[in-house]
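Right, one structure below, let's go through it.
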Amino acid sequence: MSTPITSASHFRLGLFSSNCSGGLAVTKIPERWSASWEDNLAMAKLADEVGIDFVLPIARLIGYGGETNFHESVLEPIPWATAIVAATKRLTAFATVHTAFNHPVVVAKQLATIDAMAPGRVGLNVVAGWNQPEYEAMGVDLPTAHDARYAYAQEWFDAVATLWSREGRYDLPGEYFDLRGVESSPKPAAGRVPILNAGSSPQGKAFAARNADFVFTIVAGPEQGASVVAEVTAAGRALGRSPGVLTPTHVVCRSTHAEAEEYLRYYAEENADWAAVDNLMRLQGMHAQSFSPEMLATFRGRFAAGHGTCPIIGTPDEVADEIEKFATAGFGGITMSFVDYTGELEHFAAEVMPRLEKKGLRPAPA
């Protein structure tokens with residue numbers, strides 16, 4: 001399979017969670033990200049223009065409470081991705097899909113339809129599930145065991161992959177789905193769309209190594225992340241595969257280090273929505289394994305600043321140097337979030353992208 005995101009030889013840069021109110025910043029500041037379609041469209045066109053490789057949404061159905069009800073307003077990822085690729089020329093848009101809430105036959109058709117509009121520029125981010133209040137809102141039980149969640153997700157994904165590759169009409173019996181006389185056309189131009197999976201638990205990493213083109217995993221930092229990259233690479237190689245590894249970050253880039261630290265303090269300390277932060281961390285600790293217990297015990301500030309992701313804070317030189325550390329650790333790319341995706345991305349493109357080009361991490365502008 002050859003698509004722009006899978007065949008890229010440079011260090012990939014993506015934007016994460018712009019479809020959610022607040023982005024990744026759990027803050028009360030009045031200028032926090034709105035996640036309106038107008039703001040997302042402006043961000044996508046700018047990202048397309050300056051060379052960002054992909055955009056990745058979060059699929060969220062209810063907010064996290066607190067004063068702001070963090071992630072209260074969320075643009076649903078499949079129509080969001082459809083509109084993004086229609087409005088851009090080169091940007092890849094992933095659609096984040098929860099296996100428990102979306103039928104595989106419908107998703108296979110939806111993603112193939114978007115791919116027909118923009119061949120190779122839509123991807124699928126598979127989520128096996130973790131957020132219990134969402135399951136309750138949907139009237140679905142969240143399996144306690146990760147093994148059960150991923151067994152369901154594997155059968156779901158196998159059905160999607162078969163629908164993209166097999167011609168004619170056929171039956172697909174299974175433990176969770178009993179599909180009779182099913183068929184699916186059109187099919188993705190490259191045979192399937194790029195697949196991403198946020199695998200951080202042992203079961204998640206195994207699922208991603210088996211199925212994904214990119215493993216999206218939380219790490220404490222680039223140095224600790226090198227061992228995670230090695231683990232994922234070895235697991236993929238054992239299956240005859242070579243998935244890339246991506247990790248999320250939140251970026252504050254200013255002319256001076258003091259300015260960057262002051263802005264971080266402003267939005268993520270003085271104006272953090274701590275009730276929403278604590279609720280988010282409680283749910284992550286109860287039902288997900290994206291963060292280790294050690295991370296959860298020490299990352300409260302990181303959750304306020306960027307949903308627990310790696311901080312990249314400082315001047316353009318410092319930001320470029322920190323990104324280079326992720327490349328040196330073996331990551332195939334990072335996602336970034338900003339408090340203001342459009343305004344801060346414009347500054348990032350003008351100041352940091354040329355520095356990454358000089359380091360050989362990014363191609364020169366076309």
Side-chain angles (χ1 to χ4, degrees), residues 15-41 43 55-81 83-84 93-102 125-142 149 198 200 216 218 248-250 266-291 295-296 299-309 335-342:
L15 300 176
F16 184 31
S17 192
S18 73
N19 68 312
C20 300
S21 56
L24 291 185
V26 194
T27 182
K28 298 183 290 186
I29 60 173
E31 67 271 28
R32 63 186 179 273
W33 184 247
S34 74
S36 69
W37 169 243
E38 292 77 13
D39 282 347
N40 271 268
L41 180 60
M43 178 216 69
V55 287
L56 175 65
I58 288 178
R60 195 87 294 132
L61 297 165
I62 57 175
Y64 289 105
E67 186 174 324
T68 64
N69 194 17
F70 177 61
H71 284 186
E72 175 183 32
S73 178
V74 175
L75 300 177
E76 207 287 321
I78 289 180
W80 176 89
I84 292 287
F94 281 87
T96 298
V97 176
H98 286 254
T99 58
F101 310 145
N102 297 272
N125 175 26
V126 181
V127 180
W130 66 273
N131 192 347
Q132 176 144 2
E134 290 189 331
Y135 277 72
E136 293 169 354
M138 297 293 285
V140 178
D141 291 330
L142 172 66
R149 298 181 206 175
S200 293
F216 188 53
I218 297 284
T249 71
H250 58 277
Y266 161 67
Y267 86 84
E269 294 182 26
E270 297 169 2
N271 290 286
D273 187 345
W274 291 116
V277 168
D278 291 341
N279 193 36
L280 170 59
M281 294 185 69
R282 178 182 61 81
L283 289 168
Q284 289 278 353
M286 288 173 59
H287 305 298
Q289 293 184 20
S290 298
F291 297 88
M295 286 180 177
L296 289 169
F299 277 17
R300 193 169 182 243
R302 280 198 188 188
F303 270 86
H307 209 302
T309 61
T335 64
M336 303 178 293
S337 68
F338 301 95
V339 174
D340 175 6
Y341 285 85
T342 48

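Values reported hereafter were calculated over all heavy atoms of this structure, with side chains retained and with hydrogens, waters and symmetry mates removed.
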To the nearest 0.5 Å, atom OG1 of T335 lies from atom CZ of F94 at 11.0 Å

Flag, side chain of D273 to backbone of T68, donor-acceptor distance under 3.5 Å:
yes

In short, salt bridge (charged side-chain N to carboxylate O under 4.0 Å, His left out) pairs touching residues 57-68 with sequence neighbours left out are K28-E67, R60-E134

Begin with the C-alpha distance, continue with both residues' side-chain angles, and end with the deciding distance and a verdict on side-chain contact (heavy atoms from CB on, under 4.5 Å) for R32 and F70.
CA-CA 11 Å; R32 63 186 179 273; F70 177 61; over 6 Å; no

Side chain of N19, backbone of A35: donor and acceptor closer than 3.5 Å?
no

Among residues at least two apart in sequence or on other chains, which ones pass side chain to side chain contact (heavy atoms under 4.5 Å, CB included) with S73?
S21

Below 4.5 Å, heavy atoms only, C-beta onward: do R300 and D278 meet side chain to side chain?
yes

Do T96 and I58 come within less than 4.5 Å of each other through their side chains, counting heavy atoms only?
no

Under 3.5 Å, is there a donor-acceptor pair between the side chain of R149 and the main chain of G129?
yes

I'd like to check V97 versus I78 (side-chain heavy atoms, cut-off strictly below 4.5 Å). Are they in contact?
yes

Could you walk me through whether L280 and F303 satisfy the side-chain contact (heavy atoms from CB on, under 4.5 Å) test, starting with their C-alpha distance in whole Å, then the side-chain angles of each, then the deciding distance to 0.1 Å, before giving a yes or no?
CA-CA 8 Å; L280 170 59; F303 270 86; 3.7 Å; yes

Under the side chain to side chain contact (heavy atoms under 4.5 Å, CB included) test, which residues partner N279, sequence neighbours left out?
Y64, R282, L283

Value rounded to 0.5 Å, distance of CG in L75 from OG in S36:
7.5 Å

Check the pair N271, T27 against side-chain hydrogen bond (donor to acceptor under 3.5 Å, both in side chains), reporting the backbone distance first and the verdict last.
CA-CA 6 Å; N271 290 286; T27 182; 5.8 Å; no

For E31, enumerate each residue passing the side chain to side chain contact (heavy atoms under 4.5 Å, CB included) test, keeping only those at least two apart in sequence or located in another chain.
I29, Y266

Test side-chain hydrogen bond (donor to acceptor under 3.5 Å, both in side chains), reference S18, set N40, D39, T342, output is N40

Flag the pair L61 / N131 as yes when at least one side-chain heavy-atom distance between them is below 4.5 Å, and no otherwise.
no

Look only at the side chain of S17 and the backbone of P57, and say whether a donor-acceptor pair between them is shorter than 3.5 Å.
no

Any idea which heavy atoms bring F299 and G308 closest together, and the distance?
CD2-O, 3.9 Å

With W33, which residues qualify under ring-ring contact (aromatic ring centres under 6.0 Å, His included), at least two apart?
Y341

Taking C-beta and beyond as the side chain, do F338 and L15 meet within less than 4.5 Å on heavy atoms?
yes

Looking only at heavy atoms, which two atoms of A93 and I84 are closest? And how far apart?
CB-CG2, 3.8 Å

Least distance between heavy atoms, A276 atom then V26 atom
CB-CG1, 3.7 Å

Heavy atoms of H250 and Y267 approach each other most closely as CD2-OH, 4.0 Å

Contacts of type ring-ring contact (aromatic ring centres under 6.0 Å, His included), residue F101, not counting sequence neighbours:
H98, Y135

Spacing of CD1 belonging to I62 relative to CE belonging to M138, to within rounding of 0.5 Å
10.5 Å

